[in-house]
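Have a look at the structure below before the remarks.
Keep in mind that what you see is a predicted model, and the values were worked out from it rather than measured. Only this structure's heavy atoms are used, side chains among them; waters, hydrogens and symmetry mates stay out. Numbering of ligands and ligand atoms starts at 1, following listing order.
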Amino acid sequence: MIKIKYENTEKMYEEINNLIEDNDFDIIVISTPKEMKEVFNDKFLKTNKNIVISSRMPKKNDEDYVYVEFIKQDVYAIAVDGPSGSGKSTVCKIISKILNINYLDTGSMYRSLAYYCLKENIDINDEFKVFDELNKLNITFESSKIKVNGEFLGDKIRTNDVSMAASVVSKYLSIREKLVDMQREISHDKPTILDGRDVGTNVLPDAKYKFYLDASAEVRAKRRFDEKKDDSSYEKILEDVITRDRQDKTRKYAPLKKASDAILINSDDMSIDDVVEKIIEVVREK
Ligand code: DC
């Protein structure tokens, strides 16, 4: 924390502006005597960083000083890849809360596209038509929940039909390029945990932490069956899990595979809490 003796406002602005120029930071917190706060705005150098002006002085009876604090946010990514039903999204949601970081479910983007294709009767085997549909979608996230053209899609994108269609539309290069660009953009300026198939290998190959969650097809199908979003039988879900694994692993562009530097976690005999604990342990130690 830098302490500046307050003599007059002009001198103070000059000193703070010099500090803004000389420091590398994400947030600057300026603690001012109460009566100065109103006249502060617009006097600082234009910066795209966050300027927080606080009238709460760090010490009582210290009204003759201005305190300046530079905060650097540690921007890092945690990539969690793995096949369908390996527990990625549940684990990532919990970890994002524990570490207070952003969560990005990359699969929800492919699912939303698949959902709209099915809804609009688009032939999912025609890459051009699917890409055209993608261009009609305005994809945003609010509190880590996907919103498409202003609507939260919720469980509508979690049905078995949408899962199967998502696996098809995600094999197209044009689709992947556009969605991967969005994923990089969303995670580039804040710490984020992302789950998907190609996060550690393709979206963010330089991610600081990489994990690959796996489990047997039977265990994963049972988990999907238990959280059923439609009336599919266990046998049908198992068959589809196996088909989807094959499609995701053998497709030409960015197939599902463990990054060579990812930590493998097989969750067959692990609870959600066990997996969360294991990942947090690695992140806190590095
Ligand atoms: O993780 P999920 O089950 O929600 O993903 C749905 C489909 O989207 C999956 O079959 C493959 C595809 N997908 C992908 O190709 N790349 C990602 N990063 C995430 C999902």
Side-chain angles (χ1 to χ4, degrees), residues 77-93 103-118 124 127 130-131 133-134 137 139 141 144-146 148 153-187 192-205 207 210-215 217 219-221 223-230 232 237-259 262 267:
I78 307 177
V80 182
D81 291 306
S84 151
S86 54
K88 303 181 303 287
S89 65
T90 313
V91 163
C92 287
K93 270 183 221 154
Y103 165 50
L104 178 58
D105 171 2
T106 61
S108 69
M109 300 166 91
Y110 296 96
R111 283 175 178 274
S112 298
L113 172 61
Y115 167 79
Y116 271 92
C117 288
L118 296 180
I124 57 169
E127 177 173 356
V130 175
F131 188 63
E133 186 59 25
L134 177 58
L137 306 183
I139 300 178
F141 285 86
S144 303
K145 293 192 176 65
I146 194 157
V148 181
L153 296 178
D155 281 349
K156 285 187 203 163
I157 59 167
R158 304 285 158 196
T159 64
N160 206 40
D161 285 349
V162 171
S163 302
M164 295 309 285
S167 181
V168 175
V169 300
S170 62
K171 68 182 183 199
Y172 301 129
L173 182 62
S174 59
I175 305 297
R176 300 205 69 82
E177 281 182 341
K178 183 155 180 176
L179 293 182
V180 165
D181 274 353
M182 288 174 65
Q183 292 155 17
R184 289 183 181 140
E185 171 85 32
I186 292 169
S187 56
T192 304
I193 183 163
L194 305 88
D195 77 28
R197 301 290 187 287
D198 62 335
V199 181
T201 52
N202 178 46
V203 183
L204 301 172
K210 293 184 190 178
F211 298 90
Y212 188 90
L213 284 198
D214 211 349
V219 167
R220 291 184 286 120
R223 288 178 190 158
R224 281 270 180 263
F225 180 70
D226 290 344
E227 60 184 39
K228 271 209 301 191
K229 303 289 186 240
D230 51 29
S232 309
I237 293 179
L238 175 60
E239 189 189 316
D240 287 351
V241 159
I242 293 169
T243 306
R244 209 138 74 88
D245 281 359
R246 193 184 52 246
Q247 283 175 184
D248 293 348
K249 285 179 181 171
T250 59
R251 70 178 176 220
K252 190 167 170 198
Y253 305 111
L256 166 65
K257 72 164 190 260
K258 180 186 161 304
S267 69

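From the protein, the heavy atom lying nearest to atom 8 (O) of ligand 1 is Tyr110 CB, 3.5 Å. Looking only at heavy atoms of the protein, atom 19 (C) of ligand 1 is closest to Thr106 OG1, 3.4 Å. Of the protein's heavy atoms, Arg111 NH2, 3.0 Å lies nearest to atom 3 (O) of ligand 1. Protein heavy atom at the shortest distance from atom 12 (C) of ligand 1 is Ser170 OG, 3.5 Å.
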Requested in this report: Take Ser86 and Arg220 through the test side-chain hydrogen bond (donor to acceptor under 3.5 Å, both in side chains) and record every step on the way to the result.
Outcome: CA-CA 6 Å; Ser86 54; Arg220 291 184 286 120; over 6 Å; no
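Between Asp105 and the choices Arg197, Lys93, Arg158, the salt bridge (Lys or Arg N to Asp or Glu O under 4.0 Å) rule is met once, by Arg158. Screening Val169, Thr106, Leu134 for a side chain to side chain contact (heavy atoms under 4.5 Å, CB included) with Leu179, the sole residue that qualifies is Leu134.
Residue Lys249 places its NZ atom among more than 12 non-hydrogen atoms of other residues, nucleotides or ligands, all under 6.0 Å distant.
Not one N or O of Ser163 is nearer than 3.5 Å to an N or O of ligand 1, by distance alone. Between Arg197 and ligand 1, at least one pair of N/O atoms sits closer than 3.5 Å. The shortest N/O to N/O separation between Asp248 and ligand 1 falls below 3.5 Å. Distances between N or O atoms of Arg251 and those of ligand 1 include at least one value under 3.5 Å. Of the N or O atoms in Asp198, one or more lie within a sub-3.5 Å distance of an N or O in ligand 1. Between Arg176 and ligand 1, an N or O atom pair is found at a separation short of 3.5 Å.
Neither the backbone nor the side chain of Gln183 has any atom closer than 4.0 Å to an atom of ligand 1 (non-hydrogen atoms only). Contacts between Arg244 and ligand 1 below 4.0 angstrom, taking non-hydrogen atoms only, involve the side chain exclusively.
Checking Arg223 against Thr90 by side-chain atom types alone, no donor-acceptor pair falls below 3.5 Å. A side-chain donor from one of Gln247 and Ser167 sits under 3.5 Å from a side-chain acceptor of the other.
Taking a cutoff of 4.0 Å between a charged side-chain nitrogen and a carboxylate oxygen, Arg224 and Asp240 do not qualify as a salt bridge. Ionic pairing of Asp214 and Lys258 is not present here: no N-O contact between side-chain nitrogen and carboxylate oxygen is shorter than 4.0 angstrom.
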